[in-house]
Amino acid sequence: MSFRFVHAADLHLDAPFQGVQECDERAAALLREATFQALKAVCRLCLDREASLLILAGDVYNAEDHSLRAQLRLRDALEGLHQAGIPTFIVHGNHDPLSGWQAGLAWPESVHFFEGPPPQQAPIVGAGDERCSVSGVSFPRSAVTDNLAEQFERPQEDAFAIAVLHCNVGGMPGHEPYAPCSLDDLRRRGFDYWALGHVHARQVLQEDSPTVVYPGSSQGLSPRETGPHGCYVIEVEGGRVSDLEFVATDT
C-alpha cells in the first residue's frame with residue numbers, strides 16, 4: 001500500500017480581515033483575495049504531487065451563511081481536482097455548520113460532504129493494495145459541545161483508515177471548546193490517521209499509531225497568526241504514515 005494525500009483545514013474562505021478598511025487599496029485587495037489564493041495553492045499542490053485525495057477538515061467557509069462567492073470559488077477549484085481524478089472529502093466546523101445557508105450548486109461527483117452526527121464512512125478510495133477509507137462528521141450547528149470522537153468506529157474493510165474531525169483536543173487555550181476530546185479518545189478508536197481542524201497553528205499531536213495532525217489554517221487571518229501557514233502532504237507506505245511534509249500556501 002503506497003499513496004499520498006493532502007490534509008488542509010480552516011481555509012475560512014472570504015474572511016473579511018478585520019481592519020482591512022484601514023489599509024491602502026492595493027493591500028486591501030491582496031487581503032480580500034488571500035484566502036482564495038491559499039485554496040488555489042492547496043489544489044495546485046494536490047495536482048503537482050499527484051495526490052490520491054484531498055481532505056478539508058472544517059471551517060472551509062468563514063461564516064455560517066457561507067458567501068456565494070466562496071461557494072462558487074470552492075466548487076470551481078474542486079472541479080479541477082475532479083477532472084484530474086482526485087476526490088475531496090469535506091466536513092463542516094463551527095464557522096460553517098450545516099445549519100448555514102448554502103446555494104443549490106451542482107458539485108463535482110468526486111466531492112463528498114459529510115453530514116452531521118453520527119460520523120459516516122465515505123466510499124472506499126482506490127483499488128487493490130492502495131485502498132483508503134475516510135470517515136467524518138460535520139457540525140450540525142455552530143456550538144457543538146459533545147465529544148464526537150467517541151462516536152467514530154473504524155471501518156471493517158482492510159484499508160488505511162482516516163478520520164476527519166473539527167475539534168479541540170485536550171482543551172487547547174485560545175480556541176472554543178467545540179467537540180472536545182482527549183488524545184486518548186482518538187487513540188482508542190483504531191484509526192490510522194486523524195485529520196483535524198479548528199486550531200489555526202499547525203501541530204502534530206502524535207506521529208504514529210495513530211498519526212494525529214492539525215495542519216493549521218491555510219492562510220494567516222490576523223496579526224496574531226504570523227509565520228507560514230499551509231497544509232500537510234502525507235505519504236503512506238505499507239499501511240502506515242511514512243512521511244509528513246508541511247507545505248506553505250499563504251500569501
Side-chain angles (χ1 to χ4, degrees), residues 1 3-11 52-60 87-99 110-126 130-172 175-199 202-216 231-232 234 236 239-241 244:
M1 184 187 297
F3 66 96
R4 70 180 57 88
F5 64 95
V6 173
H7 169 201
D10 297 278
L11 275 69
S52 295
L53 63 148
L54 167 64
I55 291 174
L56 300 178
D59 284 0
V60 177
T88 303
F89 300 88
I90 301 173
V91 302
H92 290 269
N94 57 288
H95 273 266
D96 61 350
L98 295 172
S99 57
S110 62
V111 177
H112 184 92
F113 292 95
F114 289 99
E115 298 297 326
Q120 307 94 41
Q121 179 189 342
I124 291 287
V125 177
E130 297 185 4
R131 289 162 53 83
C132 173
S133 71
V134 184
S135 301
V137 62
S138 288
F139 279 32
R141 59 191 181 280
S142 59
V144 173
T145 56
D146 299 330
N147 185 339
L148 298 179
E150 292 182 333
Q151 301 179 22
F152 278 79
E153 294 185 8
R154 183 191 172 105
Q156 296 300 312
E157 290 88 349
D158 184 18
F160 184 84
I162 300 172
V164 189
L165 180 62
H166 201 78
C167 63
N168 188 325
V169 178
M172 289 191 183
H175 295 83
E176 295 290 346
Y178 296 142
C181 59
S182 68
L183 193 53
D184 281 341
D185 291 333
L186 306 184
R187 293 184 182 119
R188 286 194 292 263
R189 309 319 299 171
F191 286 85
D192 299 301
Y193 185 94
W194 280 91
L196 305 182
H198 187 44
V199 174
R202 68 182 187 273
Q203 299 182 51
V204 178
L205 300 185
Q206 184 163 305
E207 293 189 357
D208 194 19
S209 301
T211 304
V212 183
V213 176
Y214 279 114
C231 60
Y232 273 92
I234 297 90
V236 178
R240 298 183 64 178
V241 172
L244 288 168

- Message: Using a 3.5 Å distance criterion without hydrogens, assess whether the side chain of D96 forms a donor-acceptor pair with backbone atoms of D59.
- Response: yes

- Item | All salt bridge (Lys or Arg N to Asp or Glu O under 4.0 Å) counterparts of R141, not counting sequence neighbours | none

- Taking atom CD of Q121 as the centre, report whether more than 12 heavy atoms of other residues, nucleotides or ligands fall under 6.0 Å from it. yes

- Message: Checking Y178 now: which residues fulfil ring-ring contact (aromatic ring centres under 6.0 Å, His included) with it, not counting sequence neighbours?
- Response: none

- Item | Non-neighbouring partners of Y193 that pass ring-ring contact (aromatic ring centres under 6.0 Å, His included), sequence neighbours left out | F5, H7

- Would you say H166's side chain and A57's backbone share a donor-acceptor pair under 3.5 angstrom? yes

- Task: Return the minimal non-hydrogen interatomic distance between D185 and R188, and the atom names on each side.
- Result: OD1-NH2, 2.5 Å

- Query: Would you say F113 and L98 make side-chain contact, with heavy atoms under 4.5 Å?
  - Reply: no

- Just do the side chain to side chain contact (heavy atoms under 4.5 Å, CB included) check on I162 and F89 with the steps written out, would you? CA-CA 11 Å; I162 300 172; F89 300 88; over 6 Å; no

- Task: Measure the shortest side-chain to side-chain distance between P210 and D192 over non-hydrogen atoms and say whether it is less than 4.5 angstrom.
- Result: no

- Item | Q120 side chain to E115 backbone, donor-acceptor under 3.5 Å | yes

- Task: Would you indicate whether the side-chain heavy atoms of M172 and H198 approach each other to under 4.5 Å?
- Result: no

- Note on the structure: Here the gap from H112 atom NE2 to I90 atom CD1, rounded to the nearest 0.5 Å, amounts to 10.0 Å

- Message: Going by the rule ring-ring contact (aromatic ring centres under 6.0 Å, His included), which residues pair with F191 if we only count those two or more places apart in sequence or in a different chain?
- Response: F152, W194

- Task: Quick one: pull up OG in S142 and NE2 in H92 and give me the separation to the nearest 0.5 Å.
- Result: 14.0 Å

- So CG of D158 and CD1 of I124: to nearest 0.5 Å the spacing works out to 9.5 Å

- Message: Tell me whether S138 contacts the main-chain N or O of F114 through its side chain, where contact means a donor paired with an acceptor under 3.5 Å.
- Response: yes

- Message: Would you compute the distance between atom CG of L53 and atom CD1 of I234 and round it to the nearest 0.5 angstrom?
- Response: 9.0 Å

- Item | Residues which pass side chain to side chain contact (heavy atoms under 4.5 Å, CB included) with P117, listed by chain and number, not counting sequence neighbours | V137, P140, L148, Q151

- OG/S135 to CG/L165 distance, rounded to the nearest 0.5 angstrom? 11.5 Å

- Task: State, with a plain yes or no, whether a side-chain heavy atom of L205 is found less than 4.5 Å away from one of L196.
- Result: yes

- Message: Does any part of the side chain of E207, heavy atoms only, come nearer than 4.5 Å to the side chain of V241, both counted from C-beta?
- Response: no

- Minimum-distance pair of heavy atoms, taken over all atoms of A179 and F139: CB-CZ, 3.8 Å

- Nearest atoms (heavy-atom pairs only) where V164 meets L56: CG1-O, 4.5 Å

- Note on the structure: On a heavy-atom basis, the closest approach of P215 and C231 is CB-CA, 4.2 Å

- Item | Closest approach of Y232 to Y214 (non-hydrogen atoms, all atoms of both residues) | CE1-O, 4.1 Å

- Item | Pairwise distance CG(D10) to CG(N94) - rounded to 0.5 angstrom | 8.0 Å

- Flag side-chain contact, heavy atom, 4.5 Å: P118 against E153: no

- Query: Do you know which two heavy atoms are closest between G197 and A9, and how far apart they sit?
  - Reply: CA-CB, 3.8 Å

- Task: Output all residues satisfying salt bridge (Lys or Arg N to Asp or Glu O under 4.0 Å) with R202, sequence neighbours left out; order by chain, then residue number.
- Result: none

